[in-house]
Amino acid sequence: MLIRKLESIARLSDEEKNAIGHLPVTVRPLNAGQDIVREKDRPSQCCLLLEGWACRYQILGEGKRQIFSFHIPGDIPDLQSLHLKVMDHSVCTQSQATVAFIPHEALLELTATFPGIAAILWRDTLVDGAVFREWMTGIGRRTALQAVAHLFCELYVKLEAVGLARDHAYRLPLTQADLGDALGLSNVHVNRVLKELRGKGWITLHGGRLEINDWRELAHLCDFDPTYLHLERRAA
């Protein structure tokens, strides 16, 4: 999954793929809602999501949660811990997940031996920053309807790029509370928006599966332009 993810944003040589495939990992199954790494931790390894979803988040003093990003298989949500020694946020699973833990030493050796891989991981963090900017725009300037629509479009394009979505449909293991905590909306507001999108016939959301019935209208509603995802190619 890591190779597939990285190849969605850059090209890897066969030698680089082989080196990534031989990284030492410890694989663990995790339940939904389980922290992978916590704020203030000093991790000695990075987590690679193999199956399931995860999110970055922070809990405010009064107990409110802000979600900063959602993560899908192939992502390394705490890659910054390779150089920033103290976590300034937490990462937890959104669904049942399988996570591979990669020692920092192994990643540092890999990037020192293969500068091309180091450049691709740097590119991945830059794309991550671009997504943060887009989320900031959404929270600050988009209407609730536009913000939800934009998030649904973004997730589809990211999942399709790694072969986990097709025909404008994908598994969406997120609750209304998750969507609200990501977009700065109340549960009531999220529920109202989802009803409106369903009522227009633009989406079908049932049993944790989202179908975008009218991609053109949904993308037009929120002015969705995937340029900020900087995808080089889609999964075969």
Side-chain angles (χ1 to χ4, degrees), residues 1-30 36-37 43-56 69-85 87 91 93-134 153-173 225-236:
M1 286 308 304
L2 177 57
I3 291 171
R4 179 170 287 194
K5 162 62 187 298
L6 294 180
E7 286 204 307
S8 74
I9 61 171
R11 293 187 179 277
L12 290 167
S13 69
D14 289 341
E15 187 180 13
E16 289 169 335
K17 292 178 191 177
N18 184 63
I20 292 172
H22 284 85
L23 280 169
V25 299
T26 301
V27 179
R28 297 177 189 165
L30 298 177
I36 302 173
V37 61
S44 61
Q45 56 192 1
C46 288
C47 61
L48 165 63
L49 199 59
L50 298 178
E51 296 178 341
W53 287 45
C55 74
R56 295 190 186 116
S69 55
F70 293 118
H71 294 277
I72 61 174
D75 286 352
I76 305 179
D78 62 346
L79 182 61
Q80 72 278 359
S81 71
L82 195 60
H83 298 291
L84 302 178
K85 300 306 180 184
M87 292 293 295
V91 179
T93 57
Q94 298 282 151
S95 65
Q96 285 191 327
T98 302
V99 178
F101 293 91
I102 310 170
H104 284 172
E105 293 87 349
L107 280 171
L108 290 171
E109 182 179 350
L110 177 72
T111 54
T113 306
F114 294 93
I117 294 177
I120 294 171
L121 292 176
W122 172 230
R123 178 182 171 87
D124 187 45
T125 62
L126 293 175
V127 173
D128 209 31
V131 174
F132 271 120
R133 290 190 291 275
E134 197 67 35
C153 290
E154 175 186 295
L155 292 174
Y156 175 75
V157 172
K158 289 176 64 176
L159 287 161
E160 185 194 36
V162 293
L164 296 176
R166 57 180 297 179
D167 300 328
H168 296 123
Y170 57 94
R171 179 173 173 267
L172 184 70
D225 179 352
T227 300
Y228 69 99
L229 297 173
H230 299 282
L231 295 171
E232 291 291 319
R233 58 176 176 163
R234 306 293 175 86

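Basis for what follows: all heavy atoms, side chains included, without hydrogens, waters or symmetry-related copies. Counting from 1, the numbers follow the sequence of the chain as shown.
Distance check: Lys85 NZ to His104 NE2 gives 6.5 Å after rounding to the nearest 0.5 Å. Atom-to-atom distance recorded for Leu48:CG and Leu23:CG is 9.0 Å, nearest 0.5 angstrom. Between Leu155 atom CG and Tyr170 atom OH the span is 4.5 Å, to the nearest 0.5 Å. For the atom pair Ile36 CD1 and Cys46 SG, the distance stands at 11.5 Å (nearest 0.5 Å). A distance of 6.0 Å separates CD1 in Ile20 from CG in Leu110, rounded to the nearest 0.5 Å. Atoms CG and NZ, from Leu12 and Lys17 in turn, are 6.5 Å apart once rounded to the nearest 0.5 Å.
For Pro103, the side-chain contact (heavy atoms from CB on, under 4.5 Å) partners two or more places apart in sequence, or in a different chain, are Pro24, Glu105, Ala106. With sequence neighbours left out, Glu134 forms a salt bridge (charged side-chain N to carboxylate O under 4.0 Å, His left out) with Arg142. The side-chain contact (heavy atoms from CB on, under 4.5 Å) check on Thr98 picks up Val27, Leu50, Glu51, with sequence neighbours excluded. With sequence neighbours left out, the ring pair (Phe, Tyr, Trp, His ring centres under 6.0 Å) criterion links Tyr228 to His150. Remark: Arg171 pairs with Trp53, Ser95, Pro173 by the side-chain contact (heavy atoms from CB on, under 4.5 Å) rule, at least two apart or across chains.
Listed for the Arg4 side chain is a donor-acceptor partner under 3.5 Å among the backbone atoms of Val162. Judged by distance alone, with hydrogens and angles left aside, the side-chain atoms of Tyr156 form a donor-acceptor pair with the main-chain N or O of His168 at under 3.5 Å. With hydrogens and angles ignored, the 3.5 Å screen pairs a side-chain donor or acceptor of Asp78 with a backbone N or O of Cys47. Between the side chain of Asp225 and the backbone N or O of Thr227 there is at least one donor-acceptor pair closer than 3.5 Å. Judged purely by atom type and a 3.5 angstrom limit, Ser13 uses its side chain to pair as donor or acceptor with the backbone of Glu16.
Across every non-hydrogen atom of Leu49 and Ala54, the tightest pair is CD2-N, 3.8 Å.
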| What's the verdict on side chain to side chain contact (heavy atoms under 4.5 Å, CB included) for Arg166 and Glu160, showing C-alpha distance, side-chain angles and the deciding distance? | CA-CA 6 Å; Arg166 57 180 297 179; Glu160 185 194 36; 5.9 Å; no
List the atom pairs, with distances to 0.1 Å, where a side-chain N or O of residues 112-126 and a protein N or O form a donor-acceptor pair under 3.5 Å, not counting sequence neighbours.
| unit_1 | atom_1 | unit_2 | atom_2 | d |
| --- | --- | --- | --- | --- |
| Thr113 | OG1 | Glu109 | O | 2.8 |
| Arg123 | NE | Ile9 | O | 2.6 |
| Arg123 | NH2 | Ile9 | O | 3.4 |
| Arg123 | NH2 | His230 | O | 3.1 |
| Arg123 | NH2 | Glu232 | OE2 | 3.0 |
| Asp124 | OD1 | Lys5 | NZ | 3.2 |
| Thr125 | OG1 | Trp122 | O | 2.6 |

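Screening Met1, Gln94, Lys158 against Ile72 for a side-chain contact (heavy atoms from CB on, under 4.5 Å) leaves a single residue, Lys158.
Residue Gln80 places its CD atom among more than 12 non-hydrogen atoms of other residues, nucleotides or ligands, all under 6.0 Å distant.
We find that Asp128 and Arg133 are not joined by a salt bridge, their nearest charged nitrogen and carboxylate oxygen being 4.0 Å or further apart.
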